[in-house]
2 protein chains.
Amino acid sequence: MLSNSLAYAIKALIYISHNSSETERITLKEVSDSTEVPKPYIAKILQDLVRNNVLHSIKGPNGGFYFSEEGLDISLLQVVHILEGPDKYNKCLLSLKDCNASSPCPLHDNIGQVRVELLKRLEQITFRQLMQHKKSVDLF
Amino acid sequence: MLSNSLAYAIKALIYISHNSSETERITLKEVSDSTEVPKPYIAKILQDLVRNNVLHSIKGPNGGFYFSEEGLDISLLQVVHILEGPDKYNKCLLSLKDCNASSPCPLHDNIGQVRVELLKRLEQITFRQLMQHKKSVDLF
DNA sequence: ATATTTAAAGACCTTTTTATCTTTTTTTAT
DNA sequence: ATAAAAAAAGATAAAAAGGTCTTTAAATAT
Ligand code: FES
Ligand code: FES
């Protein structure tokens, strides 16, 4: 239901949310080792998140990534939009041109409802919430 | 949320459900033309469905595909299993080894619920139901 | 200033998904 | 028997997703 890249991103962001601050940055290597996502691959994803101001990064000794205060309030949906584009989860399930209640395809009123619920939840969940989850500390 | 192939399969099966019977078979060409799915691609999918007894097919003049009576009661979930394997929608969203309520990852209790709901609906919906949908006749 | 540490960028490779083409087999009509 | 119609099978190709490697740029400590 969620792509590989998105699952990796969420894991990495949960990890960073716990272990970083503006003064205590976390290195790529540490993120990669802890989350068990290949280093160059998670690097690509984190770069994308930095470009989109979810994370900040500092180069050089003692450099690394950190989650800004604002970043913690970013929703999962915003991360989906950054990594997979705004159309993800926003098209007719049978690829009809229009998807709306006035001319619904046979899936619109049943599977489509699940999609609406998914979008709603992705929009509600922030990293500030996720980092408070009991298991998120010993996820890795 | 649903793969390309699955959406194609569902469209094709809805079309076949309306236009075929054991004596009135429908050709690959007609399915492809009507659903606007590339012929060789939908052929592969239909072959897979025939091998798994969702459809039957007859070669030669007046041959084609048809939906057996039993086939109409097959659920969308069964089609998912045939086309994408039994693991689809059945793994932890963050790829942890076990996914269960006793040791849930941070997504298990929110996004995970959506997945449960999706599975439930995929399991409930049959082609007999879909073919009764008002729009399914002029979908194509 | 220099060397070291670290992320950024971009080129490259592999696998999976999506799509096409060609040949073979089966069935039917003549 | 023969020809035509149609699905089955398999080889191939293109695109996207997933993953790796190398070089460059920036920051810091010495
Ligand atoms: S019309 Fe198909 S999902 Fe809305
Ligand atoms: S433990 Fe991750 S979705 Fe169930």
Side-chain angles (χ1 to χ4, degrees), chain A residues 1-12 16 19-20 22-33 35-68 80 82-85 87-88 91 95, chain B residues 1-12 16 19-20 22-33 35-68 80 82-85 87-88 91 95:
Chain A
M1 203 161 60
L2 307 182
S3 73
N4 218 330
S5 292
L6 184 63
Y8 283 171
I10 294 172
K11 279 170 94 167
I16 296 171
N19 296 285
S20 78
E22 190 160 354
T23 48
E24 288 276 334
R25 297 125 191 180
I26 186 164
T27 67
L28 186 59
K29 183 173 187 335
E30 194 179 340
V31 175
S32 166
D33 287 351
T35 59
E36 293 177 332
V37 178
K39 195 160 74 165
Y41 192 32
I42 193 66
K44 282 290 170 59
I45 293 170
L46 294 184
Q47 279 163 33
D48 211 349
L49 294 170
V50 167
R51 271 192 297 276
N52 286 277
N53 295 306
V54 177
L55 295 177
H56 291 181
S57 68
I58 303 280
K59 293 180 185 178
N62 300 315
F65 299 89
Y66 63 96
F67 227 133
S68 63
V80 170
I82 290 167
L83 297 180
E84 335 231 13
D87 285 351
K88 185 86 186 201
K91 296 167 304 186
S95 309
Chain B
M1 203 161 60
L2 308 182
S3 76
N4 218 332
S5 292
L6 184 63
Y8 283 171
I10 294 171
K11 280 170 93 167
I16 295 171
N19 296 283
S20 77
E22 190 161 355
T23 50
E24 288 276 335
R25 299 124 191 179
I26 186 165
T27 67
L28 186 61
K29 185 176 185 334
E30 194 179 340
V31 175
S32 165
D33 287 352
T35 59
E36 291 177 330
V37 177
K39 195 160 71 165
Y41 192 34
I42 193 66
K44 282 292 166 61
I45 293 170
L46 294 185
Q47 277 164 34
D48 212 350
L49 294 170
V50 167
R51 270 191 296 276
N52 286 277
N53 295 305
V54 177
L55 295 177
H56 290 181
S57 69
I58 303 278
K59 294 180 182 179
N62 300 315
F65 298 89
Y66 63 97
F67 227 132
S68 63
V80 170
I82 289 167
L83 297 180
E84 336 230 14
D87 285 351
K88 185 89 188 200
K91 295 167 305 186
S95 308

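Chain A is the first sequence line, chain B the second, and so forth, proteins listed ahead of strands; every chain is numbered from 1.
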Nearest 0.5 Å, please: how far is CE in M1(B) from CG in L2(A)?
11.0 Å
Qualifying residues under ring-ring contact (aromatic ring centres under 6.0 Å, His included), relative to F65(A), sequence neighbours excluded
none
Phosphate oxygens OP1/OP2 of dA9(C): is one of them under 4.0 Å from a side-chain N or O of R51(A)?
yes
Give each protein N/O atom lying under 3.5 Å from an N/O atom of nucleotides 28-30 of chain D, with the pair distance.
none

Restricting to salt bridge (charged side-chain N to carboxylate O under 4.0 Å, His left out), what partner residues turn up for K29(B), sequence neighbours left out?
D33(B)
Whole-Å distance, L55(A) CG to dA7(C) P, equals 12 Å
Classify the nucleic acid contact of I26(A) as base, sugar-phosphate or nothing, counting any heavy atom under 4.0 Å across all strands shown.
sugar-phosphate
Residues which pass side chain to side chain contact (heavy atoms under 4.5 Å, CB included) with E30(B), listed by chain and number, not counting sequence neighbours
Y15(B), I26(B), T27(B), S34(B)
Tell me the interatomic distance from E30(A), atom CD, to dA7(C), atom P, rounded to whole angstroms.
10 Å
Value in whole Å for how far the C1' atom of dA6(D) lies from CG of L46(B)
13 Å
Could you give the distance from CG (L83(B)) to CD1 (I10(B)), rounded to the nearest 0.5 Å?
9.0 Å
Considering all heavy atoms of both residues, which atom of E22(B) and which atom of Y66(B) are nearest to each other, and what is their separation?
CA-CD1, 3.5 Å
By ring-ring contact (aromatic ring centres under 6.0 Å, His included) - contacts of Y8(A) (at least two apart):
Y41(A)
Rounded to the nearest Å, what distance is computed from the NE2 atom of residue H56(A) to the C1' atom of nucleotide dT6(C)?
18 Å
What pairs of nitrogen or oxygen atoms, one from the protein and one from nucleotides 13-20 of chain D, lie under 3.5 Å apart?
from: dG18(D); atom 1: OP2; to: S5(A); atom 2: OG; distance (Å): 3.3
from: dG19(D); atom 1: OP2; to: Y8(A); atom 2: OH; distance (Å): 3.3
from: dT20(D); atom 1: O4; to: K44(A); atom 2: NZ; distance (Å): 3.1

So what is the end-to-end bend of the helix from dA1(C)-dT30(D) to dT30(C)-dA1(D), with 5 pairs used at each end and the value given to 10 degrees?
0°
Take the protein atom CG of L28(A) and the nucleotide atom P of dA9(C), then report the distance between them rounded to whole Å.
13 Å
Whole angstrom value for the distance that separates P of dA9(D) from CG of L49(B):
13 Å
Let me know the distance between OH of Y66(A) and C1' of dT6(C), rounded to the nearest Å.
15 Å
Using whole Å, report how far CD1 of I42(B) lies from C1' of dA19(C).
12 Å
Using distance only, find each side-chain donor-acceptor pair of residues 46-63 of chain B under 3.5 Å and give its atom names and separation, not counting sequence neighbours.
from: D48(B); atom 1: OD1; to: N52(B); atom 2: ND2; distance (Å): 3.4
from: N52(B); atom 1: ND2; to: D48(B); atom 2: O; distance (Å): 2.8

Contacts of type salt bridge (charged side-chain N to carboxylate O under 4.0 Å, His left out), residue E84(A), not counting sequence neighbours
K88(A)
Between S57(B) and dA6(D), is there a contact of a side-chain N or O with OP1 or OP2 at under 4.0 Å?
no
Do V37(A) and S32(A) make a side-chain contact, defined as non-hydrogen atoms from C-beta onward lying under 4.5 Å apart?
no
Residues forming a side-chain hydrogen bond (donor to acceptor under 3.5 Å, both in side chains) with K91(A), sequence neighbours excluded:
none
